[in-house]
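Structure first, then comments.
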Amino acid sequence: MKKIVFFYAAAMLGLSIPTQAQNKLIVNADQGKTLISKHIYGHFSEHLGHCIYGGYWVGEGSSIPNTRGIRNDVVKALKDISIPNLRWPGGCFADEYHWQDGIGPRAQRPKMVNTHWGGVVEDNSFGTHEFLDLCEQLGCEPYICGNLGSGTVEEMSKWVEYITFDGESPMANLRKQNGREKPWKVKFWGVGNENWGCGGNMTADFYADQYRRYATYCRNYGDNRLVKIAGGPNADDYNWSETLMKNVGNQMQAMSLHYYAVTNWNKKGSATQFNEADYFTTMDKAIFMDELVTKHSTIMDKYDPRKRIALMPDEWGTWWDVEPGTNPGFLYQQNTMRDAILAAVTLNVFNAHADRVKMANIAQTVNVLQAVILTDNEKMLLTPTYWTFYLYKVHQDATLLPISFSCNKYELNGRSMDAVSVSASKDASGKIHITLVNIDPNKEQSIDAILRGFTGKSVSGKILTSANIADHNTFDKPNTVALKDFKGAKLSKDALTVQLPSKSVVLLEID
Ligand code: AHR
């Protein structure tokens, strides 16, 4: 009884309770063969709320420091996490967007209503040139999603020509008139978005036919090779994947997957006010990503055993009620340690499936949903999720190391899940990186690991944790949740022991 009271009291005080070492990890350091595509660490930005306007774009005349209208602070923060690609202009917005409205002199661009997101006026001041300038400033690959839902084949085809054709043609000439002589390189091209829903409410069969038609006219100009991405399933709609794999097959280079960790779409819950049962359910939803990716991959394997077609979860993350007092159509939410842990678990899942998952995009970069950055006029803060991406950048283009792992359970109200999530990779210089997540908000975990086939000289680490899982950063207190050095790992040749604090994300570097 005394023991129970102690554990209960410690948990209430937010103290870590040590557990016995039942977490056994083997990292097969000499057996890696799959590259973790850097594009798994991609982002998504839509014309939604203050993602584009206020988030990236402040205009050239703004007092907020900017380069050609794009905020310098946001660009720097995203470069610091090595953002590999950026998906734009939506989302649902993409299937209502007419790209020709967003080129030419800004003052002359037509306005439109953003029907999906708050019914606000979109003045098209951020268009193709501005987006591609943003990507150049970020040093990342652009990922453009074309309008299949309400556009035409001709419109999409001309957009590709406008951006990528080097020579004499009506669209290339128009681009030059608008100030860009040389074409851009754009590899990633989405052929519609959520065409089972906001992108046209289509059946899988109908979309598959439409995809083939649209994709036919998205041409490869010069050496610009498009990776055409079909609008894939909504979460566990396995019939959608099956139909696309059967009817589209190798006419697509990738299929997207959309999944948000939401329990009840009518009552999503507060981003910052939640109890442990809510937390548990969210973690359960995060881990479900593994089942989704596994099952969609199994379907893909049937038609594409050589894994030439990639699975790209190009919208994922948390989706809470908007912050009180903000426009419900703007999807502005806070971001806590819970979000950071969910991101870490999800990224470990994508790494584990790196043979099929070649890109992923968290929704959305700035001021919308599970943002890594929040802005308030000239102020900017980095959310806990940002720090997860900061820690995980070491996995970009590193070799996935196969692991075998058995671990303790995190238990609550008769339910349980693995308490720890792990991923390991070896980078080009031979260093090993291990990312560990202790999902359990109450108990520390002791981990005994063997780095099979590797003799390590030193280990260093960084940790993201906080006193409470609901801790978050505000404009007044922007560093409540921040990275610290981690001293809880000990290495002796190939043997590693780790004391992993509760509710933490840890990166270890071993060389
Ligand atoms: O990310 C917000 C919205 O979620 C996107 O516009 C849409 O694709 C999805 O339903």
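Both counts, for ligands and for their atoms, begin at 1 and track the order of listing.
Listed by atom number, the atoms of ligand 1 under 4.0 Å from L369 heavy atoms are 1 (O), 2 (C). Atom numbering of ligand 1 starts at 1 in the shown order; those under 4.0 Å from a heavy atom of N193 are 8 (O). Taking a cut-off of under 4.0 Å to the non-hydrogen atoms of W117, the atoms of ligand 1 that pass are 3 (C), 6 (O). Per-residue contacts place Y260 under 4.0 angstrom from the following atoms of ligand 1 (heavy atoms of the residue considered): 1 (O), 2 (C), 4 (O). Listed by number with element, the atoms of ligand 1 under 4.0 angstrom from any heavy atom of G91 are 5 (C), 6 (O), 8 (O).
For the residue pair D304/N250, the side-chain donor-acceptor check at 3.5 Å is not satisfied.
Selection from E46, Q370, Q364, E315 by nearest heavy atom to atom 4 (O) of ligand 1 gives E315.
Within 6.0 Å of OH on Y217 lie no more than 12 heavy atoms contributed by other residues, nucleotides or ligands. Annotation for Y214: atom OH counts as buried by contact number, over 12 foreign heavy atoms lying within 6.0 Å.
Ligand 1 is approached by F44 to a heavy-atom distance shorter than 4.0 Å.
Note that NE2 of H395 and CG of N351 are 5.0 Å apart. Values are rounded to the nearest 0.5 Å.
Within the 4.0 Å heavy-atom criterion, neither part of V368 lies near ligand 1. When heavy-atom distances to ligand 1 are checked against a 4.0 Å cut-off, W319 comes that close only through its side chain, counted from C-beta outward.
Distances between N or O atoms of C92 and those of ligand 1 include at least one value under 3.5 Å.
E60 has a carboxylate O that lies under 4.0 Å from a charged side-chain N of R106, or vice versa, which qualifies the two as a salt bridge. Salt-bridge check for E276 with R415: failed, with every basic side-chain N at 4.0 Å or more from each acidic carboxylate O.
Considering only residues two or more places apart in sequence or on other chains, W319 meets the ring-ring contact (aromatic ring centres under 6.0 Å, His included) condition with Y260, W265.
The disulfide bond (SG atoms under 2.5 Å apart) contacts involving residues 229-345 comprise nothing, where partners must be two or more places apart or lie in separate chains.
For atom 10 (O) of ligand 1, the closest non-hydrogen atom of the protein is E194 OE1, 2.7 Å.
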